[in-house]
Undergrad: 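My questions all concern the structure below.
What's counted below: heavy atoms across the whole structure, side chains too, no hydrogens, waters or symmetry copies. On a predicted model such as this, the values are computed, not experimentally measured, just so you know. Residue numbers count from 1 along this sequence.
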Amino acid sequence: MDIAKRFPQNPLISPDDVVPSLPGLEVACLLNPGVFRYEGKVCLLMRVAERQVQREGFLGTLVADDTQATGVAALEFRLDDPELVHADPRMVSYKGQGYLTTLSHLRLATSGDGVHFTVDEAPTLTGSGPLERFGLEDSRVAQIGGEYHLTYTAVSEFGVAVAHTSTRDWKRFERHGLMLPPHNKDCALFEEKVGGHYYCLHRPEGVFLGGPFIWLARSTDLNHWGGHTCLARTRPGMWDEARVGAGAAPIRTEAGWLAIYHGADRDSRYCLGALLLDLEDPTRVLARSVEPFMEPTQEYERKGFFGHVVFTNGHLVDGDQVTLYYGASDTVICGATLSIREVLESLRGAA
Ligand code: MAN
């Protein structure tokens, strides 16, 4: 059952609203923002996916390259080259080497009312160095004390990993490097300590054994992570049968930590559900969504760069209300509200 109340103004931000970071580039997609409040504003740290304007007969993409004055280098493949495998719009392989079809950076959009956003003209964070050559994606923004902690996906030939950066003022950033090595993504920090430990949800991926499951880890310093426990696996025959991954910081409720997550089925249809974790011991899963609480039903959620996707990694909480910002069809950014009580009522025990 879909219990999310979408903003009537959806989509809130579209690729046309965003100035490309360099001349000759186009914004192909906007995706999956991290969300926070700063100086009285609602702020989205969006993922902006760019590529060069495409030439007939070619597939062009970009990689981050610190040796170039522009910070990026262009790659082009002939579409009729038999060595090119391009089955998924998000990625391509050439002579056995994988690439993404777009290069993503993170960019801020701010708003006084949470509906009408002004998008920065320049990127906030771009990929740098060999471990971020294919860009930065899907940042969660957790506020811990007076600091904002960004955990985002760093993509490169080395794989998909979780990078960590912190800032107090959104001007100076401290990059802490990779927090979790490949293959790992969808990392959401808890915004307060539990029993003296920091906690995070993360999503390693097994190739043959295991799978893309949600795990929990703990730390005393936000840098060194251990105590890994698997919290939620994919469920055969259900809406989250193929992959699951955490959204933003779990929400403290009287019933437990409410962790919103995405799940995809074998057709890569992405929906949203939730886990309920014990307040004192978040390794204990108390309940889980049987059905998703939000599904791609609207035209803008079904059609786009990669259709049938609702994906969130950012929200704001105000009493019983969660305002969820989400990527729809990997193309536009939208908003919706949820009642925490209604989500809790929709969960079933003994996950
Ligand atoms: C992956 C990530 C997300 C994206 C979904 C759907 O989980 O790349 O950023 O939204 O796939 O394409």
Undergrad: Could you tell me whether a side-chain N or O of Thr70 sits under 3.5 Å from a main-chain N or O of Val72, the two making a donor and an acceptor?
TA: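 Checked: pair present.
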Undergrad: Using modelled atom types and a 3.5 Å cut-off, is there a donor and acceptor pairing between side-chain atoms of Arg107 and backbone atoms of Asp120?
TA: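 The answer is yes, because a donor-acceptor pair under 3.5 Å joins these two groups.
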Undergrad: So Leu277 and Phe190, do their side chains get closer than 4.5 Å, heavy atoms only?
TA: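 Yes. Closest side-chain heavy atoms under 4.5 Å.
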Undergrad: Would Trp170 and Phe36 count as a close aromatic pair, with their ring centres under 6.0 Å?
TA: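 Under 6.0 Å, so yes.
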Undergrad: Would you say Thr101's side chain and Pro89's backbone share a donor-acceptor pair under 3.5 angstrom?
TA: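 Flag set: sc Thr101 to bb Pro89 pair under 3.5 Å.
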Undergrad: Does a sphere of radius 6.0 Å around CZ in Arg233 hold more than 12 heavy atoms from other residues, nucleotides or ligands, not counting ones at 6.0 Å or beyond?
TA: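 12 or below, so no.
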Undergrad: Test salt bridge (charged side-chain N to carboxylate O under 4.0 Å, His left out) on Asp80 and Arg78 and set out the steps.
TA: CA-CA 5 Å; Asp80 60 4; Arg78 288 191 67 93; 3.1 Å; yes
Undergrad: Could you check Glu295 against Arg269 for salt bridge (charged side-chain N to carboxylate O under 4.0 Å, His left out), going step by step and ending with a plain yes or no?
TA: CA-CA 9 Å; Glu295 303 183 49; Arg269 181 173 186 266; 3.0 Å; yes
Undergrad: Tyr94 and Asp81: side-chain hydrogen bond (donor to acceptor under 3.5 Å, both in side chains), yes or no, with the steps?
TA: CA-CA 9 Å; Tyr94 185 66; Asp81 190 323; 2.9 Å; yes
Undergrad: Answer whether the closest heavy-atom distance between the side chains of Glu50 and Leu103 falls below 4.5 Å.
TA: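 Contact flag for Glu50/Leu103 side chains = no.
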Undergrad: When you compare the side chain of Tyr325 with that of Thr312, does any pair of heavy atoms fall below 4.5 Å?
TA: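 In short, these two side chains do not touch, never coming nearer than 4.5 Å.
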Undergrad: If only atom types and distance count, is the side chain of Asp240 paired as donor or acceptor with the main-chain N or O of Arg243 below 3.5 Å?
TA: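 Such a contact is absent between Asp240 side chain and Arg243 backbone.
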Undergrad: Got a donor-acceptor contact below 3.5 angstrom from the Thr102 side chain to the Ala49 backbone?
TA: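 No.
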Undergrad: Establish, yes or no, whether a centroid distance under 6.0 Å links the rings of Tyr261 and Trp239.
TA: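 Between Tyr261 and Trp239, the centre distance is under 6.0 Å.
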Undergrad: I'd like to know whether CD of Glu121 has more than 12 heavy-atom contacts from other residues, nucleotides or ligands below 6.0 angstrom.
TA: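 12 or below, so no.
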Undergrad: Answer yes or no: are there more than 12 heavy-atom neighbours, outside Glu280 itself, under 6.0 Å from its atom CD?
TA: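 No - once you tally the heavy atoms of other residues, nucleotides and ligands closer than 6.0 Å, there are 12 at most.
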Undergrad: Is the CD atom of Glu254 crowded by more than 12 outside heavy atoms at less than 6.0 Å?
TA: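 No, not enclosed.
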Undergrad: Return yes if some donor-acceptor pair links the side-chain N/O of Glu76 with the main-chain N/O of Thr61 below 3.5 Å, else return no.
TA: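 Between the backbone of Thr61 and the side chain of Glu76 there is no qualifying donor-acceptor contact (under 3.5 Å).
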Undergrad: Using a 6.0 Å distance limit plus a 45 degree cone around the ring axis, check whether Arg140 lies over the aromatic ring of Tyr152.
TA: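 Geometry flag: not set, cation outside 6.0 Å or 45°.
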Undergrad: Can a donor-acceptor pair be found, under 3.5 Å and without considering hydrogens, that links the side chain of Thr153 to the backbone of Asp138?
TA: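 No; zero donor-acceptor contacts below 3.5 Å.
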Undergrad: Is there a donor-acceptor pair closer than 3.5 Å between any side-chain N or O of Ser339 and the backbone N or O of Gln321?
TA: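 No; judged by distance alone, with no hydrogens or angles, the pair does not exist.
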Undergrad: So, do Ile251 and Val322 sit near enough that their side-chain heavy atoms are less than 4.5 Å apart?
TA: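 Side chain of Ile251 against side chain of Val322, heavy atoms only: contact under 4.5 Å found.
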Undergrad: Please lay out, stage by stage, how Phe58 and Phe77 fare under the test ring-ring contact (aromatic ring centres under 6.0 Å, His included).
TA: CA-CA 6 Å; Phe58 292 86; Phe77 308 104; 9.9 Å; no
Undergrad: Are Arg47 and Glu137 close enough, and set up right, to give a salt bridge (charged side-chain N to carboxylate O under 4.0 Å, His left out), and what steps lead you there?
TA: CA-CA 6 Å; Arg47 169 178 163 200; Glu137 305 183 349; 3.3 Å; yes
Undergrad: So, does Ser111 use its side chain to make a donor-acceptor pair with the main chain of His116 at under 3.5 Å?
TA: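 Such a contact is found between Ser111 side chain and His116 backbone.
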Undergrad: Is the shortest side-chain N to carboxylate O distance from Glu205 to Lys185 below 4.0 Å?
TA: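 Looking at Lys185 together with Glu205, the answer is no, because their closest N to O distance does not fall below 4.0 Å.
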